[in-house]
Amino acid sequence: MFARGALFRLLLELATVGLVTSRLPASEVQRDIEAVIDATADIEADLHDEPSLLEEGAHVLAQPVQKVVVDQDCEWDGWTEWTPCQFTCGGGTAVRTRKVKAMAQGHGKGCDANEKETKDCSKNACPVDCIWADWDSWGSCSATCGSGWTAKKRIMKQPAEYGGKACRGNMTINSECNTKACPVDCKWGEWNAWSACSKTCGSGERLRQRPVVQQKNEAGAECLPPSSQSEPCGLSTCPVDCQLEDWQPWDNCDATCGKGETQRVRKVLVNPTFGGRNCDRLMETKSCNSGLCPVHCIMGDWGSWGSCSTTCAGGGVPGTQKRYREVTQQANALGNQCDASMEQSTPCSTMQCPVDCEISDWAEWSECSTTCGSGIMERNRE
């Protein structure tokens with residue numbers, strides 16, 4: 001015969017197994033177990049008054065009890081905190097994970113492979129420092145002598161972006177040039193009045209002079225003679241013909257190329273008097289330097305920057321944008337040819353391209369965990 005305490009424990013175990021193997025929520029199972037404990041206490045009191053019921057209950061409890069397998073779905077534990085971002089700028093990835101809290105039982109739904117999550121982070125662009133382009137060539141001097149000025153320029157090859165360092169220094173540099181003194185030529189003033197004739201008739205002579213109104217410097221030209229002139233004078237009735245000096249050398253051509261003109265002069269040595277022959281022309285001109293003038297190449301201004309070749313930096317490689325310029329004047333055979341670049345390029349779209357999560361296909365199902373009854377098969381993916 002079972003003792004009453006043993007019977008109490010068996011009834012409590014039987015009721016508890018039935019409740020645990022049911023599909024009721026955990027809160028309801030706990031409530032029903034407490035009710036079974038209270039009911040079992042009442043049964044124990046009744047058995048104390050009716051001993052024959054104790055023997056009958058022992059016979060019933062001696063029968064085998066079939067254990068029922070509960071269908072329970074897989075249960076995940078909570079997510080961990082997100083890991084720090086792998087980069088401080090330009091895009092990166094943070095990760096969080098979770099573990100299986102309870103494996104699936106019976107025909108319950110198994111856990112999927114969603115044990116890890118990723119997200120983009122640090123989307124702010126990285127600082128880009130300013131970069132100067134190379135200096136252009138020096139420009140033309142503002143003066144050919146007497147101290148002029150020339151300048152050269154440079155542009156920003158890469159402006160500062162996203163908090164990068166700004167360019168230091170100037171975009172233009174000036175320098176003094178052609179500091180040698182300009183030549184100052186000697187200059188004659190106007191002729192003074194003729195002096196009185198040395199004789200009142202016959203072959204007399206009178207004189208005149210001219211002053212220097214501007215002295216030459218070291219690079220200037222001397223004043224060409226004469227500084228004085230003389231001519232016959234008097235009341236002689238004999239005709240006196242004009243007398244001319246020899247022609248002076250031809251002047252320099254007034255053009256270094258193309259069609260120019262030069263001249264030469266001569267002066268009167270003796271003016272005609274008393275019906276003498278007049279003077280012939282005192283100046284001659286002729287054409288000179290009929291060759292071609294040099295025509296130098298002239299470059300136009302830069303056009304606007306074109307579109308970027310990409311919207312983001314795939315694999316860390318930024319895109320490129322370009323701009324162009326054209327020749328506005330071609331050089332001839334004598335001029336300076338174009339030797340400057342017709343194209344410029346600069347990096348653009350330096351932000352890293354987004355990378356989406358990719359999951360592989362499901363692997364094959366594993367073998368069943370048992371050859372009979374209720375087993376489990378699994379499959380995975382990454």
So does Asp134 have more than 12 non-hydrogen atoms from other groups sitting under 6.0 Å from CG? no
Which pair of heavy atoms, one from Arg208 and one from Ala193, lies closest together, and at what distance? CB-O, 3.8 Å
Under 3.5 Å, is there a donor-acceptor pair between the side chain of Asp71 and the main chain of Gly106? no
Over 12 non-hydrogen atoms of neighbours within 6.0 angstrom of NZ in Lys216: yes
Shortest non-hydrogen pair, Arg210 vs Glu190, comes out as CB-O, 3.8 Å
Donor-acceptor under 3.5 Å (Trp188 side chain, Pro226 main chain): no
Mind checking whether Met156 and Cys167 have side chains closer than 4.5 Å, heavy atoms only? yes
Check whether any side-chain heavy atom of Ile376 sits under 4.5 Å from a side-chain heavy atom of Cys368, and report yes or no. no
Quick check: does any side chain N or O of Thr370 sit under 3.5 Å from a backbone N or O of Gly375, one acting as donor and the other as acceptor? no
Is the shortest heavy-atom distance from the side chain of Trp138 to the side chain of Ile173 under 4.5 Å? yes
Here the gap from Asn178 atom CG to Ser142 atom OG, rounded to the nearest 0.5 Å, amounts to 8.0 Å
Do we get Lys119 above Trp82's six-membered ring, with its NZ or CZ under 6.0 Å from the centre and within 45° of the axis? yes
Polar contact flag, side-chain donor to acceptor under 3.5 angstrom, Glu245-Gln248: yes
Flag side-chain contact, heavy atom, 4.5 Å: Val100 against Asp77: no
Beyond-backbone contact of Thr150 with Asn174, side-chain heavy atoms, under 4.5 angstrom: no
Using modelled atom types only, decide if a donor and an acceptor are shared between the side chain of Ser147 and the backbone of Thr179 within a distance under 3.5 Å. no
Run the salt-bridge test on Glu115 and Arg98 with the 4.0 Å N-O cut-off and return the result as yes or no. no
For Trp250, is the NZ or CZ atom of Lys286 found under 6.0 angstrom from the centre of its six-membered ring and inside 45 degrees of the ring axis? yes
If I compare all heavy atoms of Cys186 with all of Val212, which pair ends up nearest, and what's the gap? SG-CG1, 3.7 Å
Quick check for you: to the nearest 0.5 Å, what is the distance between Asn271 atom CG and Asp241 atom CG? 12.0 Å
Can you check side chain to side chain contact (heavy atoms under 4.5 Å, CB included) on His107 and Ser374, steps first, answer last? CA-CA 8 Å; His107 292 89; Ser374 178; 4.3 Å; yes
Measure from the side-chain N and O atoms of Thr83 to the backbone N and O of Ala94, and report whether any donor-acceptor pair falls under 3.5 Å. no
Nearest-0.5 Å distance, NZ of residue Lys101 to SG of residue Cys74: 11.5 Å
Expected output: side-chain Gln321 to main-chain Gly306 donor-acceptor under 3.5 Å: yes
Considering non-hydrogen atoms only, spot the tightest contact between Trp247 and Arg266 and give its length. CZ2-NE, 3.2 Å
For the pair Asn332 (side chain) and Gly335 (backbone), establish whether a donor and an acceptor sit closer than 3.5 Å, ignoring hydrogens and angles. yes
Note, Cys308 side chain near Thr320 side chain (heavy atom, < 4.5 Å): no
I want to check something: taking the side chain as every heavy atom from C-beta on, are Cys242 and Asn278 in contact at a cut-off of under 4.5 Å? no
If you draw a 6.0 Å radius around NZ in Lys267, do more than 12 non-hydrogen atoms from other residues or ligands fall strictly inside? yes
Given the rule in the side chain to side chain contact (heavy atoms under 4.5 Å, CB included) test, do Lys99 and Trp76 qualify, once you have shown the distances and angles that lead to the verdict? CA-CA 6 Å; Lys99 296 180 180 180; Trp76 286 105; 5.8 Å; no
Does any non-hydrogen side-chain atom of Pro232 lie less than 4.5 Å from one of Glu205? no
Using a cut-off of 6.0 Å, state whether more than 12 heavy atoms not belonging to Gln214 lie near its atom CD. yes
Any chance you could measure Glu343, atom CD, to Tyr324, atom OH, to the nearest 0.5 Å? 4.0 Å
Between Asp254 and Cys288 (side chain of the first, backbone of the second, donor and acceptor by atom type, cut-off under 3.5 Å), is there such a pair? no
Is there a side chain to side chain contact (heavy atoms under 4.5 Å, CB included) between Ser228 and Leu207? Walk through the geometry before answering. CA-CA 7 Å; Ser228 64; Leu207 301 174; over 6 Å; no
Tightest non-hydrogen contact, residues Trp132 and Met171, listed as CH2-CG, 3.4 Å
Sub-3.5 Å donor-acceptor pair from the side chain of Arg323 to the main-chain atoms of Thr346, do we have one? no
Heavy-atom donor-acceptor pair, Ser366 side chain to Arg379 backbone, under 3.5 Å: no
Linking I/L/V/M/F/W/Y whenever their side-chain heavy atoms sit closer than 4.5 Å, directly or via other members, would Trp305 and Trp302 fall into one cluster? no
Run the side chain to side chain contact (heavy atoms under 4.5 Å, CB included) check on Thr262 and Asn252 step by step: do they pass? CA-CA 6 Å; Thr262 184; Asn252 294 329; over 6 Å; no
Closest non-hydrogen atoms of Met299 and Cys297, given as atom of the first, atom of the second and distance, are SD-SG, 4.0 Å
Output the distance between atom CD1 (Ile298) and atom CD (Gln329), rounded to the nearest 0.5 Å. 4.0 Å
Spacing of NZ belonging to Lys152 relative to CG belonging to Asp136, to within rounding of 0.5 Å: 9.5 Å
